[in-house]
Every structure is written in structure tokens, then in C-alpha cells.
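Here, residue 1 is the first one in the sequence, and each next residue gets the next number. Remember, it's a predicted structure, so these values are computed and weren't measured experimentally.
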Amino acid sequence: MTAFVACAVLSIAVVLALLLRPFLRNPAASGGISHRQLNAAIYREQIARLDQDQAEGLLREEDHTQARAELQRRLLEETQEPQSASRLHAPRRTVVALSLLLPVAAAGLYAAIGNPAGLVAPADANQDVERMVSGLAEKLQKDPSNVKGWAMLARSYKVMGRMAQAEQAFERAGAYIDGDAQALADYADVAASNAGGRFAGKPAQLIDKALKADPNHPMALWLAGTAALDAQDYARAVRIWEGLAAQLKPGSDDERMLRGAIAEVRERAGVAAAAATPGRGAAAAAGAGSVSGTVDLAPSLKDRAAPGDTVMVIARPPGSRMPLAVLRVPASQLPLTFTLDDSLAMSPQARISTAAQVEVEARISRTGVAQAASGDLISQVQTVHVGAVGVKLRVERIRP
């Protein structure tokens, strides 16, 4: 709002300066021009033209003499008149009227056809979402048989980052989502997140159900490939992602990113096969596209974090707001050992394994919403190479 008002005031000032410029100039600066001086200059020019016509033979001598005498007589008469100068005087009423009416007219016009409500800062969107989701949850407690409502609540919790509550809501939706590939894929994603990014067991079963409902569902295929990668079944991961890549537009950003992931999996498979010691080869393959370390909470802030708060460990490309990997766990698990890898990607098109460097930070949120908010507990942001281990994040500040 402040920037808008400043721009509006500046624009009005510029328009007023242009309109009032002729009135605001100092008349004395130009020296003024008298009628006598102006007429004398005109007559001198006419006499010079007569002399030139006579010299070129265009005017006879007697005509030239008569015309020149007439001009000299007129010039003499003009010089006998009193000296007077024409000056432009600034009309004060005009200046004052323009200075007052223009801003008032501009404000009135904006009020009539503009958007004055847009100048008022909107209410906190997160609070509105919280109220709507809380209202839906209360209705479902009174009507637990509303499986459609539970599915909607589960998706809402997932968007808000409340993974534990999202998984519970998906469970309450039951058979309602059995034929919905998108809902099953979301459910699998939530379950894997709550399992620390691991897909064995329930997440893998949900992915299989999603693919039975729709064998070509993009998110389900992505998760299936990620689950195979988590199980170090590189051949299956490549096979699944090759099928997904075939659905994408050739040459698109998504297709190029997925081809890059497939190439990396092939490389991992080669590293694992060529490793002299299987344990070391698997560790190298697993760490190549991940960042791992620990998170702890400063003693001075321990009373500010409740066990039910959400700890988020986030990796982003340097200078970007788009997360490549996000780990969410309850604050009761602090101090925490974490690993950020492709299993924690927010989308198939943005993965940590495709980056050379990332910015890593930890944040504790009471709402669990992915968007940072005032009052969150945060760590310093660290820029590390992908593949780094032993990264230490300490939550020691309060976000203003």
C-alpha cells in the first residue's frame, strides 16, 4: 500500500509540474519583450529586404526610395510610443485550483473505477485455511461416515504439511478412495513421509493399488520408481521411469529432468555393481544424491517447542524458494538424524539429486504449514554440496 501511494503522489506531482511550468517560471529571467523593440526589429528586417531587392534589380530606384522612406516614417512613429513590455503573470487562483483539484479528481476517479479494497492488506490466508479445515474436521467428528469428507480433509492436511493427521484421515476415507489413483498416490506419499521417507510396506502397497486403478498415473509411476530406488532395485526403477518418460512431451523440462534421473540411476547401478565391497558401494550410491546430518534445538528455545509441533528439514536450490526435498517429523523426535533424498521430493520435476549444491535449513512450526510464518523456530541456512554428510543444523532463532 505504501509503495502504491508513493507512486500515485509522485505521478500527480509530475503532472502538476508540467501543467504549472509556464506559470511558475520567473518572468524576469527572460528579460521581457517590449512592443517597441518588436516593431523596430520588424521594420529593420523589411528595410533590409527592400535594399536587397533594389540591389538585385527587382525594384526600381524611385520605388525603392519611396518605400524605404515610408518604412522609416513608420519606424519613427513607433519609437515615439511609450515603452511597454509583455510579461506573463502567474494567476494565483489558477495555480491553487489546479494544485487542489487534480489530486482530488485523481482520488475520486480511482475510488469510482479502481480497487480501493486492494490497498488494504488481506487477512492472514493461513488463518483462513486453518479455520476452514478445523470446521471440516468438526463436521466429520459428528458425521464420521462421510468418507468423501475424510478424503477431502486428508488432502487438506497434506497440503498443510500435517502428514500424521493426513494419514489418519486417509484411513478414515477407507474404500471410498480405492479406485482413485490420485488419492491413493497422495496417501502413499503421506505414508512414506511419515515412515521417514521409506516405502517398504504400506506405502508400496498403496502405490500398487494406485497403479491398478490407473497404470499410467504419473504420480503413482514416479512414486513406484522412487520406491524401487529406495529398495536399490535400480533395474525396476529405470523400467518404471522409462515408461513415465514415454508419456511426457519430448524435449519438455519434465522429460529432460526425468531422463537425467534415469541416467543417474543407471550410474548408481554401475557404481553398485563395480564396488569391491558391496556395503561401501551401496553407501556411495545412496549418498550420491542426498544430504544427511543432524538437527538439534538450542536449550534457550526448548520451552518454545511443543512435542506436537512439526520439525521440517528443507533443501532448496541456492537462491530459490522451491523445495527439492522436505522431511517432516514431530518435534518429540529431536535431536534428529536426517537424510534428504529423492524419496522426499515435493514433485517429480524437482529433486535433490539433480542439483550440485543446496541450501539446507531446519524449521519448527506449530501449524505444520510449509510456508514460513512469524514465530517459527529456525536454524541458520547452510549451503552444502549434494552428497554431504554430517551437516549440523541447530534451531536457535525465532522468525520475526
Side chains of Lys148 and Tyr176 in contact at under 4.5 Å (non-hydrogen atoms): yes
Greater than 12 external heavy atoms within 6.0 Å of Arg304's CZ: no
Beyond-backbone contact of Val311 with Phe338, side-chain heavy atoms, under 4.5 angstrom: no
Nearest atoms (heavy-atom pairs only) where Pro218 meets Leu244: CA-CD1, 3.7 Å
Test log, rule side chain to side chain contact (heavy atoms under 4.5 Å, CB included), inputs Asp189 and Leu223: CA-CA 7 Å; Asp189 188 24; Leu223 292 175; 4.2 Å; yes
Nearest heavy-atom neighbours spanning Leu340 and Ile314: CD1-C, 4.2 Å
Verdict with reasoning, Arg236 to Arg239, per side chain to side chain contact (heavy atoms under 4.5 Å, CB included): CA-CA 5 Å; Arg236 184 168 183 265; Arg239 184 172 65 254; 3.3 Å; yes
Least distance between heavy atoms, His385 atom then Val291 atom: O-CG2, 4.0 Å
Salt bridge (charged side-chain N to carboxylate O under 4.0 Å, His left out) between Arg155 and Asp180, worked out: CA-CA 13 Å; Arg155 291 191 178 98; Asp180 188 336; 3.2 Å; yes
Step-by-step side chain to side chain contact (heavy atoms under 4.5 Å, CB included) determination, Val391 to Gln382: CA-CA 9 Å; Val391 178; Gln382 297 188 32; 3.8 Å; yes
Main-chain N/O of Arg316 paired with Ser320 side-chain donor or acceptor, under 3.5 Å: no
Side chain to side chain, Arg397 and Leu377, heavy atoms closer than 4.5 Å: no
SB check Glu167 Lys158 (cutoff 4.0 Å): no
Spatial distance of atom CD (Glu255) from atom CD1 (Ile262) [nearest 0.5 Å]: 8.0 Å
